[in-house]
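Naming convention: chains lettered A, B, ... in sequence-line order (proteins, then strands); numbering from 1 in each chain.
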Amino acid sequence: MKLVTCGLPYANGKLHIGHLRTYVPADVYVRFLRMAGEKVVFICGSDCHGTPIVVNAEKEGVKPQELVDKYHDHFQRVFKALSINFDFFGKTTENYHHERTREFVKKLAENGYIYKKEIELAYCEKCNRFLPDRYVEGICPYCKTPARGDECDQGCGRHLEPGEILDPKCKICGSKAVFRKQTHYFFNLSAFQEFLREYLSKLSGTENALNYAREWVGNLRDWCITRNLEWGVRFPLDESLVLYVWVDAPIGYISFTERATDEWKKIWLEGKAEIVHFIGLDIAYHHCIFWPAMLKGANYSLPSAIVASGMVKIEGKTFSKSRGYVVWVEDEYLKSGFNPDYLRYYIVNYTSHDKDLNFSWDVFRDKVNNEVIATLGNFLFRILSFAWKNFGKVQMEVDGEILAEIEKAKDKILNSIRKWEFKTASDAVMELASFGNVYFQNSKAWELLKSDRARAMKAVANCLQIAKALVILCYPIMPKSMEKVAEAMGLKLSSCSLDDVLKVDEVVELKKPELPFKKIESEDIEPLKRVLLSRFSGRTSSEVTLEDFKKLDLRVGKVVSAERVEGSKKLMKLLVDIGEENRQIVAGIAENYSPEELNGKLVVVLANLKPARLMGVESRGMILAADVDGKPVLLVPDREVKPGERIK
RNA sequence: GCCGAGGUAGCCUAGCUGGUUGGGGCGGCAGACUCAUAAUCUGCAGGUCGCGGGUUCAAAUCCCGCCCUCGGCACCA
């Protein structure tokens, strides 16, 4: 028995193609294994707790539960449309999940892995509450950059434990926060170092995740697992606290399994099943470090494989919701009326599972038209309609070499799937379709029809066997489309196994076949490309008034001196003559400009930008530059201009 | 900075436990065919396998150095 899970989607936003990179291959994996006769439980669910959901709900003026329910419904709708069929899709706000989580945490405590510690936490006296996680802004104690309460998100990127941040301010009201002592609870992660090292050396999965984890395991710190928040699972040892969202979320794998099957104990307590987690690389840390340690500490079974998908790029650009490099599954893909199977194929076939996948509408159109339709769809349709038109019923007599070819494809596909090599598997399907096309072409059945009907029928029988194999082998990848084709040849796919590809029926009776796929015309993707382009160019949707613009003190400046900021690869410290003074400005251009070439250069300066400290260096202003694929290109005046001239 | 992945024809990509002429796909060009959604089939053109050394009878494949790209560096999807 196998349990297959997918990383839980976080219920504060809609699904985009990046999410599908995990869910589609997992679904394909499960479908193949089932057709190979394996018993598989496949579960997932919405991750509903945590600060961002509370903040977003506040912003939208709804209760967290309403927000969560909205996205939960959205997830289920999209998964259904894409034929991603979980046995159970749960929600971490449900009672059963809270109960399982509390039981789990109690067990951790009983086993001595939770301890309490007094820490200094930021408290806002105006809002009258402690400021957890992202409610607090301040300065990173390591690199002195402005940072969020839980992470130095602009500077060194370090994780900040609660209370570590310097000069904290309340993000809600902006007032200065004070430190107050507060008792919180920690998970003794460092006690698991040796266990994890050993465990990770045996853990199966994709190399990308395992390599990271092996690096991380050398530097483990205990983990604060409670928060001052109302929204979440109550911490059993102190009901005034709530568990950190990353504690309860993975426990969803257990609580959802409980709902999916009454054999859950075999899986999670008795170690009688393989547990395979499909995740995005971004959450490898949680699944390779925190999660096994938690399971070990609470006497549960351990995962046998972590399968991490690579990143998704959009039109060659690094995926970024804020920059607009994103494709929304429901609003953009599905609403445009494309066959969901096309997207499944694209995701599975573009490249290896652990490499970056580039989503481009042009490539999408080409892959669908050339591979799915011209190679696979065309073979299926040409042979089915040829057989139907000329014979109606076909006496099945299949050559050994045809069966051998089919068996070769089947073996290659199944072996690849077991190794999470979805591209190799789907390529093998296309190769078999291509083989079918060559075979039929060479048979010249349409000529034989006039001279030797019996031989023509033999050729058709061989092709029908190939078609049957294709429909079965492709079913896990493009289920809806294959069901349609199978119907025309009287095949019930839902009850087929992979071995059926080699079973030869006595007679095949054809129905009139329909075109299995609709081509993608360039006009179909033009609007989608335009949507992306308009977002790429970074246009802000709201208009500004001239008054708004006048608030900006833009002027020409002349670089007086430039030097790199020590310890930083991006930052350059500049002294810029802006007319009445020489201004110190820190700019992130050191990777693309040298101090020498900057010296004496005329630049455009935003002079009244709120001062900031970057890497401990004060910056009062900003140098304007074009963002060309993430690299700055400085804006310079067309002619020699006096420093200080206003820009209108 | 440290760590990881990668640099193969216009584009994508296989090969990388060293060994017959570096495979495949897209795009391009030329034919063939008409059962098929101008689909299919055959053939052709196109490569200093990032750069420089080294090991070897033999290197895209192993070793060393360098350059470039992308990603990770703990709660950001």
What nucleic acid atoms does L220(A) come within less than 4.0 Å of, heavy atoms only: base, sugar-phosphate, or nothing? base
Just how far, in rounded Å, is C1' of rC26(B) from CG of N349(A)? 12 Å
In residues 428-443 of chain A, which residues come under 4.0 Å of RNA chain B by heavy atom? S434(A), N437(A), V438(A), F440(A), Q441(A)
Consider only side-chain N and O atoms of Y439(A) and N462(A), and report whether a donor and an acceptor are under 3.5 Å apart. yes
Atom CH2 of W446(A) and atom P of rA36(B): how far apart are they, to the nearest Å? 10 Å
Distance check needed: rG72(B) P versus I283(A) CD1, whole Å only. 14 Å
Answer yes or no: is there a side-chain heavy-atom contact under 4.5 Å between P516(A) and S481(A)? no
Check this one for me: any side-chain N or O of N370(A) less than 4.0 Å away from OP1 or OP2 of rG27(B)? yes
Does the plane of the ring in Y346(A) sit parallel, tilted or perpendicular to the ring in Y350(A)? Use 30° and 60° as the thresholds. parallel
Exercise: do D222(A) and S190(A) side chains pair donor with acceptor under 3.5 Å: yes
Could you tell me how the ring of Y113(A) sits relative to the ring of F187(A): parallel (under 30°), tilted (30 to 60°) or perpendicular (over 60°)? perpendicular
In whole angstroms, the gap separating C1' of rA5(B) from CG of D354(A) amounts to 9 Å
Integer-rounded Å distance: rC76(B) P and N12(A) CG: 12 Å
Quick one: which of F386(A), F379(A), F381(A) gives a ring-ring contact (aromatic ring centres under 6.0 Å, His included) with F440(A)? F386(A)
Nearest whole angstrom, please: distance from the P of rG25(B) to the CD of E371(A). 11 Å
With a 4.0 Å cut-off on heavy atoms, is W246(A) in touch with a base, just the backbone sugar-phosphate, or nothing at all? base
Evaluate whether the aromatic ring of F386(A) and the six-membered ring of the rC35(B) base sit under 5.5 Å apart, centre to centre, with an inclination under 30°. no
I need the CD1-P distance between I466(A) and rU40(B), as an integer number of Å. 16 Å
Protein-to-nucleotide contact annotation, 5' to 3' order, nucleotides 9-14 of chain B [B base; S sugar-phosphate only; - none; under 4.0 Å, heavy atom]: -----S
Pairing of E431(A) and K412(A) as salt bridge, 4.0 angstrom limit: yes
Set out, in order, the CA-CA distance, both residues' side-chain angles and the distance that settles ring pair (Phe, Tyr, Trp, His ring centres under 6.0 Å) for H287(A) and Y253(A), then state yes or no. CA-CA 11 Å; H287(A) 286 78; Y253(A) 296 141; 5.6 Å; yes
Sugar-phosphate, base or nothing in reach of A445(A), heavy atoms under 4.0 Å: nothing
Between rG50(B) and rG7(B), how far apart are the P atoms? Round to whole Å, please. 7 Å
When the ring centroid of F338(A) is compared with that of F364(A), is the distance short of 6.0 Å? yes
